[in-house]
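All ligand and atom numbering here is 1-based and tracks the order in the structure. We're numbering straight along the sequence, starting at 1.
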Amino acid sequence: MRALIHDGKQLLLRNTLPTPELKEGEAIIRPLRLGVSATDVQIARGLCAFSGTLGREFVGVVEAVHGAANEFADCRVVGSPIAYCGTCDRCQSGLRTHCHHRTVMGLHDRDGCFADRFTLPVANLVRVPETVDDDRAVFTLTVASALQAIRQLTIEGKPYITVLGDGPLGLITAQVMAKLNASVRLIGRYSEKMAMCEKWGIKHRHVDDIGRRADQDIVVDCTGSPGGFGLGVQLVRPRGTLVIKTLLAEWNTLNAGVDLTNVVLNEIVVIGSHIGSLREAILVLEREDVDVLSLIGRRMTLSDGPAIVSAAQQPGMLKVLVEL
Ligand SMILES: [Zn+2]
């Protein structure tokens with residue numbers, strides 16, 4: 001079978017790999033549609049120490065499950081990329097996504113989904129209803145990430161919310177925030193993406209055209225770049241909340257120019273926010289509460305190999321979808 005792998009140095013498409021072995025509690029999945037994520041791009045750039053098959057965003061069909069019972073037989077599914085042990089103290093206290101022994105597909109000790117077949121624990125799978133087609137379902141993880149930001153916030157009154165970043169996560173986060181009793185605006189760089197905000201009735205400004213008045217109750221950083229944190233600190237009001245969705249390998253090694261002085265002086269609440277509930281995300285997609293189809297930037301196939309990730313790195317590119 002084929003798989004797009006990172007060998008520790010570079011990305012390459014391998015064509016003659018064996019089908020993965022089915023382990024206890026796991027399912028073999030045949031992907032129907034894949035999405036290229038910011039994490040994939042960082043691995044391709046050599047910023048994460050990961051060797052193996054790339055990819056974490058998929059919708060696919062369950063082909064086989066270890067053991068007799070198979071509630072997912074031939075079902076279309078999406079899945080959480082984080083596999084947990086279920087027995088450690090964190091798992092026992094409900095923090096499964098923070099399991100001490102977790103593996104993460106396409107990132108940490110577990111092959112990803114950019115292959116003809118891959119495996120994932122059955123416990124990670126969520127069934128996709130017929131009403132949600134493949135193009136929508138492949139956005140489930142991004143929608144779940146946006147919903148997690150809301151789950152972590154306390155919304156009181158009618159807050160002013162600024163979403164930073166006009167990539168797929170920022171554009172979806174702005175849409176789900178706009179469903180709240182809130183005044184939402186998106187700060188971005190690309191006029192064609194701003195035009196989408198108008199279609200959705202969401203206010204928008206170019207990043208070069210905004211004041212720095214520190215008057216936002218909540219700022220959500222979806223920029224995917226080191227500058228988002230500093231800009232968020234400038235925009236959020238004293239005792240306001242800054243939600244960080246930007247996950248960067250560079251945070252470790254880069255002098256990101258982050259000045260925490262105003263975080264202390266303005267008593268800003270900083271929240272780190274990662275993956276949320278895929279079940280809730282599927283419901284949002286089923287209700288068509290968010291427009292994800294407008295976020296498809298380009299369609300490619302797995303045979304395109306490393307060019308898939310190169311395409312996702314082009315400035316202003318929206319979501320690159322991969323067909324098998
Ligand atoms: Zn655990």
| said: Go through it in stages, so that I can follow the logic: the residues are E57 and S37, the test is side-chain hydrogen bond (donor to acceptor under 3.5 Å, both in side chains), and I'd like the CA-CA distance, side-chain angles, deciding distance and then a yes or no. | reply: CA-CA 7 Å; E57 298 178 3; S37 71; 4.5 Å; no
| query | Is it true that R287 and D289 have a side-chain N and a carboxylate O under 4.0 angstrom from each other? | reply | yes
| request: Might you point out which heavy atoms bring A146 and L169 nearest each other, and give the distance in Å? | output: N-CD1, 4.0 Å
| task | List in chain and number order the residues that pass side chain to side chain contact (heavy atoms under 4.5 Å, CB included) with P81, two or more places apart in sequence or in another chain; answer none if no residue qualifies. | result | R56, V104, M105, L141, I275
| Excluding sequence neighbours, so at least two apart, what forms ring pair (Phe, Tyr, Trp, His ring centres under 6.0 Å) with F114? | none
| message | Restricting to under 2.8 Å, identify the protein N, O or S atoms around the Zn ion (ligand 1) as residue plus atom. | response | C85 SG, C88 SG, C91 SG, C99 SG
| remark: Residues passing the side chain to side chain contact (heavy atoms under 4.5 Å, CB included) test with S93, sequence neighbours excluded, are L95
